Amino acid sequence: MKVFILKKRKYFIEAAKEFKVVVNGIVLQAALNLSAAQQNACFVGYTATKKLGKAHIRNRTKRRLRAAAALVLPEKGLAGVNYVLIGRHNTTTLDFSYLTKKLKEAVEAINLQIIEREQKNDQADNDKND
RNA sequence: UAAGACGGCCGGACAGUCGCGCCAUAGCUUGGACUAUGGUGAGGAAAGUCCGGGCAUCAGGGGAACAAGGCACCGGAUAACGUCCGGCUGGGGCAACCCAAGGGAAAGUGCCACAGAAAAUAACUGCCUGUCUAUAAGAUGGGCAAGGUUGAAAAGGCGAGGUAAGAGCUCACCGCGGUGGUGGCAACAUCAUUGGUCAAGGUAAACCCUGUCUGAUGCAAGACCAAGUUAGGAGCAUCAAGGUGUAUCUUUUUUAAGAUGCAAACCAGAUGAUAAGAGGCGUUCUCCCCUUACUCCAGAGGUGGGUCGCAAUGAGCUUUGAUAGCAAUAUCAAGCCCAGAUGAAUGGCUGUCGGUUUGAGCUUACUCAAAUUACAGAACCCGGCUUAUAGGCUGUCUUAUUUG
RNA sequence: GCGGGUAUAGCUCAGGGGUAGAGCGCAACCUUGCCAAGGUUGAUGUCGUGGGUUCAAAUCCCAUUGCCCGCU
């Protein structure tokens with residue numbers, strides 16, 4: 001599974017509207033992306049707001065998110081999904097192994113949501129066809 | 001030894017492992033969000049954006065007036081500065097040393113609450129005295145500016161003489177001003193002499209005056225490439241008659257095609273020329289020089305694609321050396337090349353050694369354990385200022401005490 | 001990256017050198033059988049923070065902190 005970086009503001013907004021899971025240290029959002037599905041890859045973006053602190057704290061937050069995502073997403077990520085990781089105030093202080101564990105849980109949870117939604121849609125399509 | 005003053009420097013180190021950006025080279029399924037190897041990768045403040053520049057655009061340059069704003073003891077340093085260095089004056093400290101937006105209040109205007117007779121023109125109270133009425137005292141004329149509960153501030157201070165009462169009215173000392181000498185580039189210091197019409201408080205971080213400096217906008221500047229969109233209006237003359245438009249006619253496939261005419265308007269093109277006019281760095285005026293006719297206004301669409309600017313030649317860097325200077329700094333020599341991203345690299349984890357604090361063993365040392373290890377992240381680039389900062393190293397000096 | 005504004009009572013805001021104010025809210029009392037409305041009275045500020053100028057600063061100057069906004 002290849003992991004690429006999200007750069008467009010549009011996709012961040014889409015992700016915020018669709019799926020969302022919150023765990024200790026991380027907020028995870030996601031949305032479907034058809035073009036990514038064709039490449040058999042998923043996209044990931046990182047966000048750290050001004051609320052967290054000054055520039056060096058925000059940079060540190062993004063680095064830890066990036067390091068955690070590099071461990072988790074190649075295995076757990078679904079193809080054709082845009083993930084957005086949002087840092088929280090305790091992201092920099094939490095133990096790193098704990099953070100990765102939590103991220104893994106979050107990704108699994110959000111993947112479940114996405115799959116359920118797709119199955120529903122498929123069923124709906126099937127019903128219509130019938 | 002204790003207390004203190006002023007500087008300078010550092011801003012954890014090493015190793016392992018998994019990763020990231022950029023550059024170079026090589027490779028490939030040959031142009032990509034690829035792979036390999038090598039190199040390289042945050043600060044003293046990268047911060048705040050408070051000053052000064054470089055650079056870019058407004059075509060370039062000069063002058064006058066006005067406006068707006070900054071600065072303000074003197075000299076020097078510098079590309080420049082509101083920065084720095086050295087001095088002066090005033091204030092603080094026993095001292096080392098520190099602090100100061102530190103020009104002008106006899107150019108003008110304003111303001112000075114409360115209190116106080118009065119906040120600047122004088123008046124009121126008061127002191128002395130002549131005349132009249134006359135018991136006390138009052139009325140009126142003259143002289144005077146010492147005293148008058150206040151206040152941040154009251155028309156030099158203090159003492160003596162002097163007088164009807166008083167008064168720089170006179171004198172001594174101090175202060176203040178003028179002139180001259182000496183020292184100093186100067187601010188200023190000092191000495192001499194002279195001034196009593198000594199000039200009538202404060203406030204200029206109130207307006208202001210004087211001197212001096214400043215064009216505006218900031219790399220989201222700006223240049224090029226690619227893609228896309230478009231109602232309208234304004235701005236010379238001429239030509240030609242292409243497109244479009246429009247009118248008429250013909251054909252018949254009558255929602256079309258063709259022909260001819262027109263050139264008022266629009267689009268596009270060519271030519272001409274200097275007369276007038278328009279635009280061109282805060283405003284007005286002016287001079288030189290130049291430029292534009294596809295320029296300006298307005299509207300529409302879009303939410304921002306790529307390359308350059310932009311990282312190795314610089315106001316560059318150095319625990320280097322020499323020379324000049326008290327110093328800031330300058331010159332010369334030697335050596336060096338040192339981040340360049342754009343949802344934004346410089347990280348995650350582990351170990352060892354450090355620093356600090358606390359506790360225990362405990363005679364300092366030393367050992368063990370725990371905690372802690374700052375402020376903070378380049379975004380066009382430099383010189384400063386300001387603010388934040390755990391902890392540490394180091395130099396010079398002052399005062400006090402003790403010992404030799 | 002560049003530029004601007006603001007901070008005053010619990011809340012919303014005046015005041016631009018001389019004793020800090022208004023409205024709403026709060027408290028007490030009056031009115032009522034009780035409540036609301038109404039009336040009377042009262043309390044409430046380190047004027048965001050730290051320096052400076054001044055006799056005197058919320059006000060003028062400098063620095064700083066938080067919040068808000070614009071440019072694209």
Side-chain angles (χ1 to χ4, degrees):
Chain A
M1 172 72 64
K2 286 184 181 178
V3 179
F4 298 132
I5 297 170
L6 266 185
K7 295 191 178 180
K8 293 279 187 183
R9 176 178 162 76
K10 191 168 72 177
Y11 298 123
F12 281 81
I13 293 169
E14 276 179 10
K17 283 177 184 167
E18 295 284 321
F19 306 97
K20 180 179 175 185
V21 168
V22 182
V23 294
N24 194 2
I26 299 172
V27 177
L28 180 66
Q29 298 175 332
L32 294 173
N33 184 344
L34 294 176
S35 65
Q38 290 171 358
Q39 295 177 34
N40 190 29
C42 70
F43 282 70
V44 62
Y46 311 93
T47 298
T49 61
K50 261 189 183 177
K51 270 187 195 171
L52 295 181
K54 297 197 172 183
H56 77 281
I57 295 173
R58 299 203 296 272
N59 284 356
R60 190 173 183 79
T61 306
K62 283 190 181 182
R63 282 189 205 122
R64 298 197 103 214
L65 290 177
R66 210 175 285 134
L71 291 176
V72 173
L73 281 182
E75 315 171 17
K76 298 285 177 183
L78 278 182
V81 178
N82 290 344
Y83 294 99
V84 173
L85 293 162
I86 302 175
R88 307 182 75 187
H89 63 280
N90 58 356
T91 306
T92 50
T93 51
L94 284 176
D95 189 67
F96 185 75
S97 58
Y98 178 81
L99 197 68
T100 24
K101 201 181 100 190
K102 279 290 173 186
L103 178 62
K104 207 176 282 181
E105 290 174 13
V107 171
E108 283 168 355
I110 213 163
N111 287 350
L112 260 180
Q113 284 186 21
I114 294 168
I115 290 166
E116 278 179 14
R117 172 84 65 86
E118 284 192 332
Q119 284 175 348
K120 265 187 193 172
N121 287 353
D122 288 350
Q123 276 191 354
D125 289 349
N126 291 339
D127 294 348
K128 271 184 190 173
N129 291 342
D130 294 348

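These numbers were taken from a predicted model, which means no experiment stands behind them. All chains are named by letter (A, B, ...) in the order of the sequence lines, taking the proteins before the strands, and each is independently numbered beginning at 1.
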Using a cut-off of under 3.5 Å, enumerate the N/O to N/O pairs linking the protein to nucleotides 16-19 of chain B.
none

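For A/Lys76, the side chain to side chain contact (heavy atoms under 4.5 Å, CB included) partners are A/Val72, A/Lys104, A/Val107, A/Glu108, not counting sequence neighbours. The side chain to side chain donor-acceptor pair (under 3.5 Å) test applied to A/Asn59 returns no partner, not counting sequence neighbours.
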(request) Go along nucleotides 371-379 of chain B 5' to 3' and tag each nucleotide: B for a protein heavy atom under 4.0 Å from its base, S when only backbone or sugar atoms are that close, - otherwise. (result) -----BBS-
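Taking the P atom of each, B/rA145 and B/rG168 are spaced 9 Å apart, rounded to whole Å. Annotation: B/rA247 and B/rA234 have their C1' atoms spaced 31 Å apart (nearest Å). Nucleotides B/rA205 and C/rU59 place their C1' atoms 13 Å apart, quoted to the nearest Å. A gap of 35 Å separates the P atoms of B/rC308 and B/rA298, to the nearest Å. Distance check on atom P: B/rU210 versus C/rA58 gives 36 Å, rounded to whole Å. Spacing between B/rG69 and B/rA79 at atom P, rounded to whole Å, works out to 33 Å.
Rounding to whole angstrom units, CZ of residue A/Arg58 and C1' of B/rA344 are separated by 12 Å. In this entry the distance linking CZ of A/Arg64 with C1' of B/rC20 reads 17 Å, nearest Å.
For the pair A/Ala106 and A/Val23, the tightest heavy-atom approach, listed with the atom from each and the gap, is CB-CG1, 4.0 Å.
Checked against A/Ile86 for a side chain to side chain contact (heavy atoms under 4.5 Å, CB included), the options A/Val22, A/Val27, A/Leu28 give a single hit: A/Val27.
In this model, the phosphate group of B/rA344 is approached by a side-chain N or O of A/Arg66 to a distance below 4.0 Å at OP1 or OP2.
Across residues 93-100 of chain A, A/Phe96 each have a non-hydrogen atom less than 4.0 Å from an atom of RNA chain B (numbered order).
Stem regions for RNA chain C, each three or more consecutive Watson-Crick or G-U pairs with both distances under 3.5 Å and listed by first number, read C:1-7 with C:65-71, C:10-13 with C:21-24, C:26-30 with C:38-42, C:48-52 with C:60-64.
Between the side chain of A/Thr92 and the main chain of A/Thr61, no donor-acceptor pair closer than 3.5 Å is present. Side-chain atoms of A/Arg64 never come within 3.5 Å of backbone atoms of A/Gly87 as a donor-acceptor pair (strictly under, hydrogens ignored).
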